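Worksheet: one structure, shown below.
Since this is a predicted model, take the numbers as computed values, not measurements.
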Amino acid sequence: LPSFRKPKDTNRDATLAKTTRVPTSLPRFSLPFPNIIDRYIMKKYSAIFGLVFVSALSVSAIINFFDRVNSVYEHEKPLSLLFSFIWYKMPESMQYIFPVTALIATLLSLGLLMKFNEITAMKACGISLYRILIPVLVLSGLASLCSFYVQEYILPYSNKRAEQVWNKIEDKPARSY
């Protein structure tokens with residue numbers, strides 16, 4: 001039977017073996033965290049966290065506005081003072097809103113993943129439930145650090161300024177600290 005193979009070219013193989021190949025791309029740098037699934041979960045969590053945080057902060061500002069607007073009109077002060085008061089009260093509202101927002105974002109993001117069977121698919125691929133929770137825990141930790149920063153560095157100054165602005169609205173004398 002005739003052979004359909006091409007005869008080996010020994011000279012060609014020898015020259016290829018002697019030449020060194022230059023890599024066309026650098027080796028990929030990979031970390032165990034964050035991988036694609038982690039980024040996907042973090043994106044969902046961040047979107048829900050941001051939406052809940054902004055909406056709760058807006059509701060808090062609106063409630064503050066309607067609680068205090070009568071006093072501003074009674075003392076015939078401009079609304080700009082009320083808006084600056086609300087601005088200085090925002091960090092205090094943020095202090096109350098951070099933990100609730102983290103809880104709601106965790107429940108909703110994991111609930112949505114469960115609703116669309118994404119957690120089931122991840123578990124079928126061999127990813128443990130604890131591994132799925134790592135991005136949520138990392139972002140919750142960042143929210144906790146942000147809350148600590150607001151509480152320790154922004155809130156004392158902000159409360160002092162809010163009280164000064166409110167005393168100006170109420171025509172009360174300034175306090176000495």
[Y] reachable from [X] in the ILVMFWY side-chain graph, under 4.5 Å edges:
X: Leu79; Y: Tyr88; result: yes
X: Ile154; Y: Met90; result: yes
X: Ile134; Y: Ile127; result: yes
X: Ile62; Y: Leu51; result: no
X: Leu108; Y: Ile132; result: no

Self-check item: Short N-O contact, Glu163 and Lys160, less than 4.0 angstrom
Solution: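 Not counted as a salt bridge, because no side-chain N and carboxylate O are separated by less than 4.0 Å.
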Would you find a donor on one side and an acceptor on the other, under 3.5 Å apart, between the side chain of [X] and the backbone of [Y]?
X: Ser71; Y: Arg68; value: no
X: Asp38; Y: Asn35; value: yes
X: Ser109; Y: Thr106; value: yes
X: Ser60; Y: Ala56; value: no
X: Ser46; Y: Met42; value: yes

Practice problem: Could you tell me which non-hydrogen atom of Val72 sits nearest to which non-hydrogen atom of Pro78, and how far apart they are? | Solution: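 What the structure gives for the nearest pair is CG1-O, 3.9 Å.
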Quiz item: Looking only at heavy atoms, what is the nearest atom pair of Asn64 and Ser93, with distance?
Solution: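 In this case the closest contact between Asn64 and Ser93 is ND2-OG, 4.5 Å.
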How many angstroms lie between atom [atom1] of [X] and atom [atom2] of [Y], to the nearest 0.5 angstrom?
X: Lys89; Y: Ser84; atom1: NZ; atom2: OG; result: 12.5 Å
X: Tyr45; Y: Leu142; atom1: OH; atom2: CG; result: 9.5 Å
X: Ile41; Y: Arg131; atom1: CD1; atom2: CZ; result: 8.0 Å
X: Leu155; Y: Ser147; atom1: CG; atom2: OG; result: 9.5 Å
X: Tyr130; Y: Leu137; atom1: OH; atom2: CG; result: 11.5 Å
X: Lys43; Y: Ile48; atom1: NZ; atom2: CD1; result: 12.0 Å

Quiz item: What residues, two or more places apart in sequence or in another chain, satisfy salt bridge (charged side-chain N to carboxylate O under 4.0 Å, His left out) together with Lys44?
Solution: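 Applying salt bridge (charged side-chain N to carboxylate O under 4.0 Å, His left out) to Lys44 gives none.
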Side chains of [X] and [Y]: does their closest heavy-atom pair fall under 4.5 Å?
X: Ile169; Y: Trp166; answer: yes
X: Cys146; Y: Phe98; answer: yes
X: Leu139; Y: Phe49; answer: no
X: Val100; Y: Val52; answer: no
X: Arg161; Y: Trp87; answer: no
X: Leu57; Y: Ile97; answer: yes

Could you pull out all donor-acceptor pairs under 3.5 Å where a side-chain atom in residues 111-119 meets a protein atom, sequence neighbours excluded?
from	atom 1	to	atom 2	distance (Å)
Glu118	OE2	Tyr40	OH	2.4

Quiz item: Taking everything shown except Lys77 itself, do over 12 heavy atoms lie less than 6.0 Å from its NZ?
Solution: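 Above 12, so yes.
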Quiz item: Would the number of heavy atoms belonging to other residues, nucleotides or ligands and lying under 6.0 Å from CD of Glu76 be above 12?
Solution: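 For Glu76, atom CD is not crowded (no more than 12 foreign heavy atoms under 6.0 Å).
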Quiz item: Which word best sums up how the rings of Tyr153 and Tyr149 line up, parallel for under 30°, tilted for 30 to 60°, or perpendicular for over 60°?
Solution: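 Tilted, since the angle between the ring planes falls between 30° and 60°.
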Quiz item: What orientation do Phe65 and Phe83 show, parallel under 30°, tilted 30 to 60°, or perpendicular over 60°?
Solution: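 Parallel, since the angle between the ring planes stays under 30°.
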Self-check item: Worked verdict on Val165 versus Leu82 for side-chain contact (heavy atoms from CB on, under 4.5 Å)
Solution: CA-CA 8 Å; Val165 170; Leu82 179 61; over 6 Å; no
Practice problem: May I ask you to check whether Glu92 and Ser158 show a side-chain donor-acceptor distance below 3.5 Å? | Solution: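 No, no side-chain donor-acceptor pair sits under 3.5 Å.
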